[in-house]
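Here the structure is laid out as structure tokens; the discussion comes afterwards.
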Amino acid sequence: MDVNFCYGITPMEHRERYREAFALTLKAWQAREIFAWNGRYFQLANVNLWPRPIQQPHPPVWVPGSGSISTFDFAVEHNVCYCFLSYSGAKAAKSMMDGYWQVVTDRGKDANPYRAGFLQLVTVAETDAKAEEKYAKHVEYFYHKCLHWPPQYLSPPGNQDYRSLVAAVAKPIRYAIDPKSLRYRDFVEKGYVISGSPATVRDRLKEEVVKGLNVGNLMVLLQIGSMPHELTLENMDLFAKKVLPELRGCWNDEGWVNHWWPAGLRDAAPRAVPAGATGRA
Amino acid sequence: MKISAFHLMPHRELPGDFEQKYESVWVTPPWHELAEPQRVGQYYNWTLDELLFAARAGFDGVCTNEHHQNAYGFMPSPNIMGAVLAKATNGSNVAIVQMGPPCPRRTRPSAWPRSTPCSIASAAGASWPASRWAAPWT
């Protein structure tokens, strides 16, 4: 949205620029020799990165998408982790993520759950009722104010590739609900936000997100809208103590390798941030 | 399974009638009516403290992201946030997930080095290979 409306780069050009920048970055990270790059958007006489990444052959790459079919193709062709930064939860994402996994299968790749990342909004409290009491207004603030923009901003000409346009016209799920008409209980019921006691949150995350969408790289948004600092820390603390340990073992029994995580950290147990490394303001 | 803490760094105090009074939270929200620089500086501190709290609490990774002219996502330059997080988590097993270095929208090569995420990995020290890159919203 901002690239188009603020920087004046049309969506079709942005897609091309992105792909050229992607190719240039991956080559620059890996090349043993100095090379020249004479692209359409970038011209560099001597590409010779200083300094170089620690990770070999290069840092893991994730590509975010929001349902464009051409991005599914791109992610699978380049063997990156496709990640959906969703604000509307797993139920709404199901058909889209199924589309991604279909492309993975069609192209002969394995269904390694670490090929997928997903962002889920989460709020945790001692009980489901407490969660409503603590978080309802912040969740509503997020959907009513933070996601307030004219719908046409989402669809500047050329934003969708043709196949995605055809699919969206046939099945306009993404535009079906106006979040301003929904309240906290609707957001929770629809799974936009997974909210409640640690047990509720754990079960819904496992069933709807992890297993439902086949996701190995889970991201959780724990500071939501107007949520103040202290409440955010409470939410993070409860999630880390009561939910995270119960999810960490998911997929362990299937033996997949997370190629999209730094190799040195794949099997690492969390190690505390050393004292003195951080300071509170 | 890897579990990371994401953060948008939103405006936490938009007025009650924001959605009636203004056209959009993105692209056109008027800064001078809606924000105050010192208060936004506080948002930066809260955001970094919250992500570092997550890093200490046992999350596998912490995520930055990139939005421009946007009141719900205040991180126009994720590499700056990532650099702070990399330094502050040095020596731990926490990964930094860099969402959206702005390379595709830069037009001059002089801006390029700033947008290469490898600088984060290198800044983080020899034993800590924790940078990850994901490119902008497509």
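Just so it is clear, the structure is predicted and the values come from calculations on it, not from any experiment. A note on names: the letters A, B, ... follow the listed sequences, proteins ahead of strands, and every chain is numbered from 1.
- Contact detail for B/G58 and A/L244: the closest heavy-atom pair is O-CD2, 3.8 Å.
- Closest of all the heavy-atom pairs between B/A95 and A/W261 is CB-CZ2, 3.6 Å.
- For A/N258, the part lying near chain B is the side chain, with the backbone staying farther off; criterion is any non-hydrogen pair under 4.5 Å.
- Residues that satisfy the salt bridge (charged side-chain N to carboxylate O under 4.0 Å, His left out) test with A/E20, not counting sequence neighbours, are absent from this structure.
- With a 4.5 angstrom heavy-atom cutoff, A/K241 does not touch chain B via any of its atoms.
- Under the ring-ring contact (aromatic ring centres under 6.0 Å, His included) criterion, A/H148 pairs with B/F18, not counting sequence neighbours.
- With chain B as the partner, the residue from A/M236, A/M227, A/K145 showing the most heavy-atom pairs under 4.5 Å is A/K145.
- The shortest non-hydrogen separation linking A/L233 to B/F53 is O-CE2, 3.5 Å.
- Only the side chain of A/F239 comes within less than 4.5 Å of a heavy atom in chain B; its backbone stays farther off.
- Only the backbone of A/P228 comes within contact range of chain B, judged by heavy atoms closer than 4.5 Å.
- Residues of residues 7-16 of chain B having a heavy atom under 4.5 Å from any heavy atom of chain A, listed by number: B/H7, B/L8, B/P10, B/H11, B/R12, B/E13, B/L14, B/P15, B/G16.
- With a threshold of 4.5 angstrom between heavy atoms, A/V215 approaches chain B through N, CA, C or O but not through any side-chain atom.
- Heavy-atom distances place the side chain of A/L119, and not its backbone, under 4.5 Å from chain B.
- Checked by atom type and distance alone, the side chain of B/K2 pairs as donor or acceptor with a backbone atom of A/R266 at under 3.5 Å.
- With sequence neighbours excluded, no residue forms a ring-ring contact (aromatic ring centres under 6.0 Å, His included) with B/Y44.
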